[in-house]
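Below you'll find the structure, written out as structure tokens, and then a few comments.
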Amino acid sequence: MGSRFNQRDQKRKVNKIYNIAITIVSILIVIVAVSIFLSDDGTDSKKATTEPKQVAETEKGKVVDKPSGKEEETDSEKEDAVGDSEAKEEDAEKEDSKATEEDAEEKAEDDANPEKAGDAELVEVEGSGDGNVASTYTSESWKPVGTEQSGEHTTSFEKGSVDWNEMSKAIASGAGIDEGSMKLWWLQNGGSSTTAIGTVSEGDNPKTFRVYIEWVDGSGWKPVKVEELKTNDKR
């Protein structure tokens, strides 16, 4: 009897030790698992703290991560950008306005300058049948060149006279030649006291023109027709 009792008591002690050991091992496993979990969570938290990200809207409207290390524009920087944009727009408007004014001034100069006006919108017309004429043209843009003369006009073919000089100016305008480089080969009456015909060329250029002009009271001589000649018949 005593032996059996001892054996049972010993078994109980062994079972108790096993239970305690199992309990301790379980507790250790739980502690280790919790430690690992807390360690991983702390690492993620640290990363999230040291490397936070900010959400920024992309140009296409998608959402992407944007490192917070890149500073956002301050209100002052945005205001400076807006100010620069407005300044550029104002400069562009000023340039456009200036260009428009310059174009208007050039147009006014062209309208006031008979030589420049004579270059515009030339219209080829039927010729007189002269075999030496290559082409004949006229223009509605031609205007009288102005005059210093007053009173009743008398045509003068005296070289160097006021009327002669004004006729030369009108001829240059019709031919589209600079008066300073124009060679006047011939100047004659056009069939009446208010008309004249001049044959001219420019410098050493062999191209020759026969220019018809007429007198406009109070405004001076005006080109009315130009013939481009095949050869200079007044050389």
Side-chain angles (χ1 to χ4, degrees), residues 95 97-235:
E95 290 179 0
S97 177
K98 184 177 180 181
T100 302
E101 291 177 359
E102 290 177 353
D103 291 341
E105 290 177 359
E106 289 180 2
K107 186 178 184 302
E109 290 178 359
D110 291 345
D111 292 341
N113 190 329
E115 294 184 4
K116 290 185 178 180
D119 293 338
E121 299 181 1
L122 298 178
V123 179
E124 189 167 357
V125 296
E126 185 177 353
S128 62
D130 187 336
N132 191 37
V133 175
S135 61
T136 305
Y137 55 88
T138 185
S139 174
E140 295 182 357
S141 299
W142 287 332
K143 306 295 181 184
V145 297
T147 182
E148 298 177 2
Q149 305 175 65
S150 60
E152 186 177 354
H153 173 258
T154 301
T155 303
S156 173
F157 291 97
E158 180 182 351
K159 187 174 182 178
S161 65
V162 173
D163 202 48
W164 174 283
N165 292 336
E166 291 178 353
M167 283 191 286
S168 297
K169 188 175 182 179
I171 290 169
S173 174
I177 297 174
D178 181 73
E179 190 177 0
S181 60
M182 184 182 72
K183 287 185 178 180
L184 181 59
W185 296 98
W186 192 260
L187 182 57
Q188 66 184 52
N189 183 280
S192 69
S193 61
T194 58
T195 59
I197 304 172
T199 302
V200 297
S201 63
E202 183 175 18
D204 296 329
N205 192 332
K207 186 178 291 187
T208 307
F209 303 94
R210 183 186 294 151
V211 184
Y212 295 75
I213 59 175
E214 68 179 11
W215 173 261
V216 179
D217 287 333
S219 299
W221 291 97
K222 169 188 173 181
V224 292
K225 185 176 71 173
V226 175
E227 295 175 339
E228 183 179 341
L229 305 181
K230 296 179 182 178
T231 59
N232 188 344
D233 58 1
K234 301 299 182 181
R235 183 184 292 272

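Each residue takes its place number in the sequence, starting with 1. Values in this document were obtained by computation on a predicted structure and should not be read as measured data.
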Does W215 reach the side chain of M167, with side-chain heavy atoms less than 4.5 Å apart? no
I'd like to know whether I197 forms a side chain to side chain contact (heavy atoms under 4.5 Å, CB included) with V211, so could you lay out the CA-CA distance, the side-chain angles of the two residues, the decisive distance to 0.1 Å, and finally the verdict. CA-CA 6 Å; I197 304 172; V211 184; over 6 Å; no
Kindly compute the distance separating CG (N165) from NZ (K159), expressed to the nearest 0.5 Å. 10.0 Å
Between atom CD of E121 and atom OG of S141, what is the distance when rounded to the nearest 0.5 Å? 5.0 Å
List the atom pairs, donor and acceptor, that lie under 3.5 Å between side-chain atoms in residues 180-188 and the rest of the protein, sequence neighbours left out.
| unit_1 | atom_1 | unit_2 | atom_2 | d |
| --- | --- | --- | --- | --- |
| S181 | OG | D178 | O | 3.3 |
| S181 | OG | E202 | OE2 | 3.3 |
| W185 | NE1 | S201 | OG | 2.8 |
| W186 | NE1 | Q188 | OE1 | 2.5 |

So, N232 versus T199: side-chain donor-acceptor pair below 3.5 Å or not? no
Backbone N/O of V224 and side chain of T138: donor-acceptor pair under 3.5 Å: yes
Answer yes if the side chains of E166 and T147 hold a donor-acceptor pair under 3.5 Å, and no otherwise. yes
For the student: nearest non-hydrogen atoms of P223 and I213, plus distance: CA-CG2, 3.8 Å
Sidechain-backbone polar pair: S219 side chain, V216 backbone, donor-acceptor under 3.5 Å: no
With side chain to side chain contact (heavy atoms under 4.5 Å, CB included) as the test, would you mind laying out the steps for T208 and K234 before giving the verdict? CA-CA 10 Å; T208 307; K234 301 299 182 181; over 6 Å; no
Separation between CZ of R210 and CG of N132, rounded to the nearest 0.5 Å: 6.5 Å
Once rounded to the nearest 0.5 Å, what's the spacing between atom OG1 of T194 and atom NE2 of H153? 9.0 Å
Any sub-3.5 Å donor-acceptor pair from S173's side-chain atoms to K169's backbone N or O? no
Evaluate the side-chain proximity of E140 to V123: yes if any heavy-atom separation is below 4.5 Å, no if none is. no
Please evaluate residues W221 and D163 with respect to the criterion side chain to side chain contact (heavy atoms under 4.5 Å, CB included), reporting the C-alpha separation (whole Å), side-chain torsions for both, the decisive distance (0.1 Å), and the verdict. CA-CA 9 Å; W221 291 97; D163 202 48; 3.0 Å; yes
Got a donor-acceptor contact below 3.5 angstrom from the K230 side chain to the G131 backbone? yes
Take atom CG in N205; do more than 12 heavy atoms of anything else shown fall under 6.0 Å from it? yes
